[in-house]
Amino acid sequence: MYSQKVMEHFMNPKNVGEIPDADGIGIEGNPVCGDMMYLFIKVKDDRIEDIKFKTFGCAAAIAVSSILTEMVKGKSLQEALSLTKEDILREIGGLPSQKVHCSVLGIEALRKAIDDFKAKKGAK
Ligand code: FES
């Protein structure tokens, strides 16, 4: 069974959408099921000023994406990078064991978005 918090974020996900002029974009696919997540970040003074996502996946993946965006919005890039799958699972009240793989998508997409930001910044 999903926790109350998973259900809330699945039914009413936060920060859904795209940022057209994003500073970094992370795209991650889940090798277990093939689901996809697109994550967009806006960075100011090394902080995540805005973040949005589009997840084509299961209820757990959507809830994890939503809660991840809430957890990292306003955080420094370093703080965001130190976030782990376990932090998200704790925050969301756990996932059924066969759905734990769904929690990886968000973390990987976030790391890729930050890498993309750093690569673009370095290229300027
Ligand atoms: Fe694919 Fe959950 S079943 S992310």
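Starting from 1, each residue takes its place in the sequence as its number. In each ligand, atom 1 is the first atom listed, and ligand 1 is the first ligand listed. All heavy atoms count here, side chains included; hydrogens, waters and symmetry mates do not.
For Glu49 and Lys73, the salt-bridge test fails: no basic side-chain N is under 4.0 Å from an acidic carboxylate O. A salt bridge does not link Asp46 with Lys118: none of the charged nitrogens is closer than 4.0 Å to a carboxylate oxygen. A salt bridge does not link Lys112 to Asp115: none of the charged nitrogens lies less than 4.0 Å from a carboxylate oxygen. Checked for salt-bridge contact, Lys44 and Asp23 miss the test: no charged N lies under 4.0 Å from a carboxylate O.
Neither side chain, Glu79 nor Ser82, offers a donor N or O lying under 3.5 Å from an acceptor on the other.
Contact atoms of ligand 1 toward Lys99: 2 (Fe), 3 (S) (distance under 4.0 Å to a heavy atom of the residue).
The hydrophobic cluster around Ile19 extends to Ile25, Ile27, Met36, Tyr38, Phe40, Phe56, counting ILVMFWY residues whose side-chain heavy atoms fall within less than 4.5 Å of a member.
Around atom 1 (Fe) of ligand 1, the protein atoms of type N, O or S that sit closer than 2.8 Å are Cys33 SG, Asp35 OD2.
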